[in-house]
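Shown next, in structure tokens, is the structure this report addresses.
This structure is a prediction, so every number in the text was calculated from the model and none was measured.
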Amino acid sequence: MRYATVLVESQAAVTTITLNRPAKLNALSQQLLGELLEALEAAGRDPQCRCVLLTGAGRGFCAGADLVDTAFAPRPGERLDMGAALEASYHPVLRAIRQMPKPVIAAINGTAAGAGLNIALVCDVVIAARGARLIQSFINIGLVPDAGGSWSIPRLIGRARATRWLMSGEALEAEQAQQWGLLSEVCEADALPAVAADLAASMARQPTRALAAIKQLMDRSWENDLDTQLALEASSQTEVGYSADALEGISAFVQKRPARFTGS
């Protein structure tokens, strides 16, 4: 499919989706959100895709909502139901990432702000270029964090830091964000594309169904007590234990050879 505001490239079982409005710092227009959702859903359905990589074109990842041409653009003096806009445009994208039956990596190549940052933080693995700035500035315009920020950020860095950061409106440099636990890796800006591609390729070679199950276990662990989580682990282990990749992995371990996973 042809897109106007995202670029989609598939190579070696990795689908790379690039937000592509560089002149607007990849701000989230209605069109971009719609095309991003279509690209994510297509990757989820694609049996050849075993990992998704999300990044931005140009000098930044995403400046957040485009307050000029999105549903978040009230006319002067008008009051707008922003929650309805979130339900219609943003929430389907976030659900598509969390429900994706394969890992999603976000590579933050520069400034990431507001809803754009929160889309990245809801991904399974988040890496960034040195010098990237992570900005939660909702409070500066009298709003609250959205696009999953109030869900993902406390889980990543704890309630105390999350509350202080979200109430401050301050920017975090990538290095501090990594120290806090928002990012798993920070690398030089010119190395980020290669680092992200290598990570995605490595995940694409792993047992995809097991990765999807780990993703579900991580999400559910926050709400479950120990016994409930143990039961979920057991049912997940039963499900993936019947997969071809599990049989291959166990055979390869016994035979002392590298496993050749196929994602099945």
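Side-chain atoms of Asp46 do not come within 3.5 Å of backbone N or O of Ala42 as any donor-acceptor pair. One N or O on the side chain of Ser243 and one on the backbone of Ala246 form a donor-acceptor pair closer than 3.5 Å. Judged purely by atom type and a 3.5 angstrom limit, Ser168 uses its side chain to pair as donor or acceptor with the backbone of Trp165. A donor-acceptor pair is defined here as one N or O able to donate and one able to accept, closer than 3.5 Å; no such pair exists between the side chain of Lys102 and the backbone of Leu211. No donor-acceptor pair under 3.5 Å is formed between the side chain of Thr5 and the backbone N or O of Arg21. Between the Asn109 side chain and the Gly56 main chain, a donor and an acceptor come within less than 3.5 Å of each other. Looking at Ser89, its side chain never comes within 3.5 Å of a backbone N or O of Leu86 through a donor-acceptor pair. A donor-acceptor distance shorter than 3.5 angstrom exists from the side chain of Ser184 to the backbone of Val126, with no hydrogens or angles considered.
Heavy-atom neighbours of Met167 CE from other residues, nucleotides or ligands within 6.0 Å: at or below the threshold of 12.
Two residues are said to be in side-chain contact when any heavy atoms from C-beta on lie closer than 4.5 Å; Glu9 and Thr15 fail this criterion. In this structure, Trp180 and Leu172 have side chains that are in contact, with non-hydrogen atoms separated by less than 4.5 Å. Using a 4.5 Å heavy-atom cutoff, the side chains of Leu117 and Ile135 are not in contact.
Applying the side chain to side chain contact (heavy atoms under 4.5 Å, CB included) criterion to Ser235, with sequence neighbours excluded, gives Leu232. Every residue two or more places apart in sequence or in another chain was checked for a side-chain hydrogen bond (donor to acceptor under 3.5 Å, both in side chains) with Ser152, and none qualifies. Listed by chain and number, the residues in a side-chain hydrogen bond (donor to acceptor under 3.5 Å, both in side chains) with Gln31 are Glu35 (sequence neighbours excluded). In this view, Ala128 and Ile108, Ala132, Ala174, Leu183 satisfy the side chain to side chain contact (heavy atoms under 4.5 Å, CB included) rule, not counting sequence neighbours. Looking at residues two or more places apart in sequence or on another chain, you find no side-chain hydrogen bond (donor to acceptor under 3.5 Å, both in side chains) involving Lys24. Under the side chain to side chain contact (heavy atoms under 4.5 Å, CB included) criterion, Leu37 pairs with Glu41, Pro92, Val93, Ala96, sequence neighbours left out. Listed by chain and number, the residues in a side-chain hydrogen bond (donor to acceptor under 3.5 Å, both in side chains) with Gln176 amount to none (sequence neighbours excluded). For Cys187, the side chain to side chain contact (heavy atoms under 4.5 Å, CB included) partners are Leu192, Val195, not counting sequence neighbours.
Sorted by first then second residue, the salt bridge (charged side-chain N to carboxylate O under 4.0 Å, His left out) pairs that include residues 234-254, not counting sequence neighbours, are Glu248-Arg257. Sequence neighbours left out, the pairs with a member in residues 156-165 that pass salt bridge (charged side-chain N to carboxylate O under 4.0 Å, His left out) are Arg164-Glu170. Listed by first then second residue, pairs satisfying salt bridge (charged side-chain N to carboxylate O under 4.0 Å, His left out) with a partner in residues 194-211 number zero, not counting sequence neighbours. Pairs of residues two or more places apart, or lying in two chains, that qualify as salt bridge (charged side-chain N to carboxylate O under 4.0 Å, His left out) and include a residue from residues 121-140 are Arg98-Asp124, Asp124-Lys215, Arg130-Glu175, Arg130-Glu188, Arg133-Glu173.
Rounding to the nearest 0.5 Å gives a distance of 12.0 Å between CG of Leu230 and CD of Gln237. The distance from atom CG of Asn224 to atom CD of Gln229, rounded to the nearest 0.5 Å, is 5.0 Å. If you take CE on Met100 and SG on Cys49, they are separated by 6.5 Å, rounding to the nearest 0.5 Å. With rounding to the nearest 0.5 angstrom, the CG atom of Asn20 is 4.0 Å from the CG atom of Leu7. Rounding to the nearest 0.5 angstrom, the gap separating the CD atom in Gln136 from the OG atom in Ser150 is 9.5 Å. The distance from atom CG of Leu53 to atom OG1 of Thr16, rounded to the nearest 0.5 Å, is 4.5 Å.
Taking all atoms of both residues into account, the shortest heavy-atom contact from Val52 to Ala43 is CG2-CB, 3.8 Å. Taking each heavy atom of Cys51 and Ile105 in turn, the nearest pair found is SG-CD1, 3.7 Å. Shortest non-hydrogen contact noted between Pro22 and Ala57 is CB-O, 4.0 Å. The two atoms that bring Ala65 and Tyr90 nearest to each other are CB-OH, 3.2 Å, heavy atoms only. For Cys123 against Leu54, the heavy-atom pair with the smallest separation is SG-CD2, 4.3 Å. Considering all non-hydrogen atoms of both residues, Ala129 and Ala189 come closest at CB-CA, 3.7 Å.
Both Leu19 and Leu94 are part of a single hydrophobic cluster, where members link through side-chain heavy atoms under 4.5 Å apart. Residues Leu28 and Trp151 share a single hydrophobic cluster, defined by chaining ILVMFWY side chains whose heavy atoms lie under 4.5 Å apart. No single ILVMFWY cluster, assembled from side-chain heavy atoms under 4.5 Å apart, contains both Ile97 and Leu199. Transitive grouping of hydrophobic side chains (ILVMFWY, heavy atoms separated by less than 4.5 Å) brings Leu121 and Val186 into a common cluster. In terms of hydrophobic clustering, with Ile, Leu, Val, Met, Phe, Trp and Tyr side chains grouped at heavy-atom distances under 4.5 Å, Met203 and Ile17 are assigned to different clusters.
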Residues Gln30, Asp66; criterion side chain to side chain donor-acceptor pair (under 3.5 Å); working and verdict: CA-CA 8 Å; Gln30 292 283 74; Asp66 187 329; over 6 Å; no
Verdict with supporting geometry, Leu217 and Ser236, side-chain contact (heavy atoms from CB on, under 4.5 Å): CA-CA 8 Å; Leu217 287 167; Ser236 297; 4.0 Å; yes
Working for side-chain contact (heavy atoms from CB on, under 4.5 Å), residues Phe138 and Asp146: CA-CA 8 Å; Phe138 295 94; Asp146 58 30; 3.3 Å; yes
side-chain contact (heavy atoms from CB on, under 4.5 Å) evaluation trace for Ile153 with Ile157: CA-CA 6 Å; Ile153 294 170; Ile157 65 176; 3.7 Å; yes
Steps toward side-chain contact (heavy atoms from CB on, under 4.5 Å) verdict (Val6, Val8): CA-CA 7 Å; Val6 298; Val8 180; 4.3 Å; yes
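No side-chain N or O of Ser10 forms a donor-acceptor pair with one of Gln48 less than 3.5 Å apart. Asp225 and Thr228 are linked by a side-chain donor-acceptor pair at a separation below 3.5 angstrom, with hydrogens and angles left out of the test.
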